[in-house]
Amino acid sequence: MHTFSRRSFLKKSAILSGLAAVNVSVPAFCADAASSSKLNIAVIGPCNRGGANLSGVLQENILGICDVDSRYLEQAGKRVPKAARFEDFRIMLEKLEKDLDAVVVSTPDHTHAVCAVMAMRMGKHCYCEKPLAHDVRECRVMQQIAAEKKLVTQMGTQIHAGENYRRVVEWVQSGAIGKIREVYSWLSGGRFSYTERPAAEPVPEYLNWDLWLGPVPECEYSSCYHPGGWRRFWDFGNGTFGDFGCHYMDLPFWALGLQDCLTVEANGPKPNPIGCPGQITVKYTFPARGDLPPVTLTWYNGQMPPILAEKKIPNPPGAGNLFIGEKGMILANYEMHRLLPEADFADYPRPEQTIPSSVGHHAEWIQACKENNPAATTCRFGYSGRLSETVLLGNVAFRSGKKLEWDAENMKITNAPEANAYLEREYRDGWIL
C-alpha cells in the first residue's frame, strides 16, 4: 500500500488531458472510408477469453495479434495467418499505428489500462474486457481519454446484448413492480483464495514473464498466476467479484439508471494483502435519480442472499438479481426473468418492447466504429467505466475494512483518507499510464 496524493492525481490527470489534446490520429477507416468496408483491427490477447473476442471481430481485417505467450500466439496465428505477430503490444501499436482503426484488449486486468490507453491516445477505437481496468484511477483515465478523443468504445459485458436483459429493463422501467429501493445481486459460487505468495517456479521458455507483469512490481513466476489463476491475486485481478460483478450488476445499473454510489461497505473474511476473498458481501447506497428513489444494492459472492429465503423465493438460481419494488419483485439471471409473486402477475400485460434487439455485442461496436458514432454502443466506457468503478470500490471497502463515503466527481473517499491508497497503484519503472 502506498500513500495516495490527491495533488499527484490531479497533476497526472492534467498531464493526461494535455497529451490527449494533441497528436490525434484519424483512424484509417475514417480517413478513407471508400477504400474498404472493413475495419483494420489489432488484438492484444487473442486466446482464452480473447479467443471469443477474436471470433467476434474475425470478419474484419485483423492486421496484428499480440501475446506474451508464444503458444497462444501460434494458436491464434493459425486462425488469422495474414496477421502480423507481436510479443510486445507497444511495438505492435507503433508498427501498425498508421493503418489501424481499432484495438481489442483481452489481457488480464492488470494490463487492461496500459494497452487501451496507449491505443486510445493514438486515436484508435477500443474494445476492452471487463472489469474495465484493475483500479479506480485507471477506469477514470480510460473514460476521460475515450471522451476527449471521441472514440467508439465497448466493454466486454457480452450478456448486455442478450434479449433477456432487455425485457427485464422494460419491466422495471414500465413500473410493473412500482418504485424500487432494494436490489440484490449474487453469485453463489466462489474461488479458492491464496493467503501467501505461491512458490517460485522457473519461467517457461514460451512466456515473456517481464512483459506479462507489465506495470506490476516484479515478482517470481508461478503457474498459479498464468494462464488463469491471476484473478485470485490483488496484484493482477479483483477476485470472483471483479470477474462477475460487472455482468450481474450491469442489469440494475441499466434498469435503474445508476451511476455513482454514495457509500459502500463490505464484509467477508479477514482481508489478506496477497489473495482476493472467495466470499464477500458488499452493500452500496445510491442517490435518488429524478423521480426514482434512492436505492440500496447488495452483492453476495460465494453465498446466497438471505433475502431469498426470507421472501420465500421459489427455486432461486445460483446467480442473478432480485429487484424489490412496492408492488412486487422481479427475479432474473442471464437467461430468465419472473415477476413475483407469480399468482399476482399471472395476467399482467407485458410492456411494449421499447429496447431494440442488439446486432451482437461485438457487431454493435464494429458498426459504431464504421459510423464513427461513440454514442451507439450500449457498454461504452462512459457507462461501463462507472459500473467498473463501483465494483472495484467494493473491493476497496473490503480491503480497507471501512464503510466508505464516495465523492465521485473528485474521485475521493472523504471519510477515510487512508482508503484512498487503494484507488490507484504505483507502476514499476518504465511503465506509465
Side-chain angles (χ1 to χ4, degrees), residues 157-189 241 244-259 261-265 267 281-358 378 383 387 390-391 394:
T157 43
Q158 298 81 13
I159 197 65
H160 193 99
E163 289 296 316
N164 187 61
Y165 268 23
R166 282 162 162 70
R167 304 293 80 83
V168 176
V169 173
E170 289 164 352
W171 274 120
V172 169
Q173 295 184 351
S174 70
I177 62 171
K179 292 186 181 296
I180 296 170
R181 297 177 182 272
E182 293 178 70
V183 183
Y184 297 86
S185 304
W186 68 93
L187 178 72
S188 59
F241 183 28
F244 285 97
C246 289
H247 282 309
Y248 287 101
M249 286 171 53
D250 173 36
L251 184 55
F253 254 69
W254 185 7
L256 296 172
L258 303 179
Q259 182 169 314
C261 65
L262 295 175
T263 67
V264 53
E265 55 187 307
N267 293 291
T281 302
V282 185
K283 182 178 181 179
Y284 302 92
T285 62
F286 292 88
R289 290 93 53 227
D291 294 334
L292 301 177
V295 174
T296 297
L297 188 160
T298 307
W299 167 268
Y300 286 84
N301 195 95
Q303 58 187 313
M304 298 288 278
I307 191 73
L308 298 173
E310 294 170 14
K311 294 290 185 180
K312 299 181 179 180
I313 305 297
N315 302 315
N321 288 280
L322 179 68
F323 297 82
I324 299 181
E326 297 171 318
K327 304 175 183 178
M329 299 174 288
I330 298 176
L331 177 69
N333 64 8
Y334 286 176
E335 297 86 18
M336 70 82 186
H337 59 276
R338 303 201 305 265
L339 272 67
L340 302 172
E342 290 182 294
D344 293 353
F345 291 94
D347 300 318
Y348 196 88
R350 178 172 288 278
E352 179 185 356
Q353 292 189 10
T354 56
I355 305 173
S357 297
S358 172
T378 54
Y383 164 81
L387 169 60
T390 303
V391 171

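Owing to the predicted nature of the structure, the values given are computational and were not obtained by experimental measurement.
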Candidate pair W186 and M304, rule side-chain contact (heavy atoms from CB on, under 4.5 Å), full reasoning: CA-CA 7 Å; W186 68 93; M304 298 288 278; 3.7 Å; yes

Which atom pairs, donor and acceptor, lie under 3.5 Å between side-chain atoms of residues 322-336 and protein residues at least two apart or in another chain?
from: E326; atom 1: OE1; to: K179; atom 2: N; distance (Å): 3.2
from: N333; atom 1: OD1; to: E335; atom 2: N; distance (Å): 3.0
from: N333; atom 1: OD1; to: M336; atom 2: N; distance (Å): 2.9

F345 and I177, any side-chain heavy atoms less than 4.5 Å apart: yes

Ring pair (Phe, Tyr, Trp, His ring centres under 6.0 Å) involving Y300 - partner list, sequence neighbours excluded: none

How many angstroms lie between atom CG of L258 and atom OG1 of T390, to the nearest 0.5 angstrom? 8.0 Å

Minimal heavy-atom distance between P316 and I313, with the atoms involved, is CD-O, 3.4 Å

Rounded to the nearest 0.5 angstrom, the CG-CG distance for N315 and L308 is 11.5 Å

Any salt bridge (charged side-chain N to carboxylate O under 4.0 Å, His left out) pairs touching residues 337-351, not counting sequence neighbours? R338-E342

Run the side chain to side chain donor-acceptor pair (under 3.5 Å) test against R289 and tell me which residues pass, sequence neighbours left out. none

From CD (E265) to OG1 (T285), nearest 0.5 Å: 8.5 Å

Closest approach of V168 and H337, non-hydrogen atoms and distance? CG2-CB, 3.5 Å

Measuring from atom OH of Y184 to atom CD1 of I307, what distance do you get when rounded to the nearest 0.5 angstrom? 4.5 Å

Once you round to the nearest 0.5 Å, how far does CG of D250 lie from CG of N321? 9.0 Å

How would you list, by chain and number, every residue that makes a side-chain contact (heavy atoms from CB on, under 4.5 Å) with Q158, sequence neighbours excluded? R49, N53, Y127, E129, H247, H361, H362

Measure from the side-chain N and O atoms of Q173 to the backbone N and O of A255, and report whether any donor-acceptor pair falls under 3.5 Å. yes

Heavy-atom closest pair, residues N301 and G189: ND2-O, 4.1 Å

Minimum heavy-atom distance E170-I355, with the two atoms named: OE2-N, 2.9 Å

Distance-minimising heavy-atom pair for F241 and V391: CE2-O, 3.3 Å

Rounded distance (nearest 0.5 Å) linking atom CD1 of I159 with atom CG of N164: 7.5 Å

Could you pull out the closest heavy-atom pair between G394 and V282, with the gap in Å? CA-CG1, 3.7 Å

State which residues pass side chain to side chain donor-acceptor pair (under 3.5 Å) with T378; sequence neighbours excluded, sorted by chain then number. E364

I want to check something: taking the side chain as every heavy atom from C-beta on, are V295 and Y284 in contact at a cut-off of under 4.5 Å? no

With ring pair (Phe, Tyr, Trp, His ring centres under 6.0 Å) as the test, would you mind laying out the steps for W254 and Y165 before giving the verdict? CA-CA 9 Å; W254 185 7; Y165 268 23; 7.0 Å; no

Can you tell me how the ring of Y248 sits relative to the ring of F244, calling it parallel under 30°, perpendicular over 60° and tilted otherwise? tilted

With a 4.5 Å limit on heavy-atom distance, are the side chains of R166 and S358 in contact? yes

Test item: L297 and S185 side chains (from C-beta on) under 4.5 Å apart, heavy atoms: yes

